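Working notes, structure below.
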Amino acid sequence: MKPLRNLAVFCLVVTMAAQENSKPATVIRAGALIDGKSDTVRRDQIIVVRGNRIESISDAAKATIPPGSEVIDLSHATVLPGLIDSHTHIFLQGEEPEQGGYDANILYPSLALRAVRATVSVRRALEQGFTTLRDLETEGAGYGDVGIKQAIERGYIPGPRLFVSTRAISTTGGYMLEGYAPELEMPKAAQIIDGPVEARKAAREQLDHGADWIKVYMTHRSWVGKNGELVSQPTLTVEELKAIVDETHGWGKKVACHAYGGIGLRRALDGGCDSIEHGLDLDDAAIAQMLKQGTWYCPTISPYYKDWAPADTPTGQRDRKRAAVHEVSFPKALHAGVKIVFGTDMGGIPWSEPIAQEFSAMVKLGMSPMDSIKSATSRPAEMLDMEGKIGVLAPAAFADIVAVNGDPIRDVNILENVQFVMKDGKVFKSGGKVVQ
Ligand SMILES: [Zn+2]
């Protein structure tokens, strides 16, 4: 029976391959092509897409166009891999302070309304050429991100590939909502743990319910200290974090740590975090440890320049200090060779704003435009264990392809105006218009 069964399997594989080959191809003529990995911009390229994958990329002069294929002419555009934002919150809506700020977003809308708004957030991301998001917690919307991810995967709504982290973890005194009468049982917008046992249990619950990443808050409040330095309140102990990291790594998944600086940042690194989020105040020891441990750095520069309180208030001074130390940390980490990924904290920033604003924020602080593109393509693909599958234009990669009119190496701001978006081989936006 065995040889027969093998033959049957062989026949099935051949038939499937033949079916794949018989699917009509889509051909993209690219005037300029940035592949997300190499430093060179290639001219006049032909990309053949079949099904949801890239089949081949070759010089237009030598390429043969498969008969019967649909041709998309982007010969006046620059074609890039679909972009990746490694720090978003699809369930946050950048609530204006005068409309109740953060708390209003948690207290008033029903989960159904929040889910509908998240549906709009993911659509906004895709329209702007972001074909993958690492979404770093739902801010009180529980496991809603898993549902949105499933809705996208099953084709009910358009949206990027999502890597979700569900509820996030912090400690007592380590997350919102706060500042209410102590008699009131207020909801917390992260799962609160105290002690390594509760920490491990929370990670297990979140992984069980579909978390792709675990998000941990390692610092919370911040203020300007007596010597004018930025101080951040640490949250989890090293033991608590180690329990989470050990559990999560056992599931083959990774841990993202929100950490501004000081004690909490040190604990994040000693506890084995895979990525440092924000990292406003990185001292030399932290940078050395990140290099040694291969820790990713997702700086999220843009949000720290928004909504500053008045300069003569403690909060206003803190807001300015946060941006000021970040401006020192980022170039230091960049020149030391820390692996930097593009992240915006969208949701903290209203979804009506351009996601790509972070490119110019990084370039202003010394990153080259090509490096900033890699920070939103091949580099996060590696962080997400999707190397070669996303964040790159190459044969066998998913056909996540975007295009802009102009040269983003000369002006990264052009990336705020993505004209063409294909995800999984399907055109979502063409000539600046959404077609799906
Ligand atoms: Zn965030």
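Counting convention: from 1, in listed order, for ligands and their atoms alike. Since the model is a prediction, treat every value here as computed from it, not as a measurement.
- The salt bridge (charged side-chain N to carboxylate O under 4.0 Å, His left out) check on Arg322 picks up Asp319, with sequence neighbours excluded.
- Protein atoms that are N, O or S and lie under 2.8 Å from the Zn ion (ligand 1) are these: His87 NE2, His89 NE2, Asp345 OD1.
- Evaluation of the ring-ring contact (aromatic ring centres under 6.0 Å, His included) test over residues 409-436, restricted to residues two or more places apart or in two chains, returns none.
- Ring-centre distance between Phe342 and Phe130: below the 6.0 Å cut-off.
- Between Glu353 and Lys306 there is a salt bridge, with a side-chain nitrogen of the basic residue lying less than 4.0 Å from a carboxylate oxygen of the acidic one.
- Applying the side-chain hydrogen bond (donor to acceptor under 3.5 Å, both in side chains) rule to Arg42 yields the partners Asp35; only residues at least two apart in sequence or on another chain are considered.
- The side-chain tip of Arg320 does not point at the ring of Tyr305 from less than 6.0 angstrom away and within 45° of straight on.
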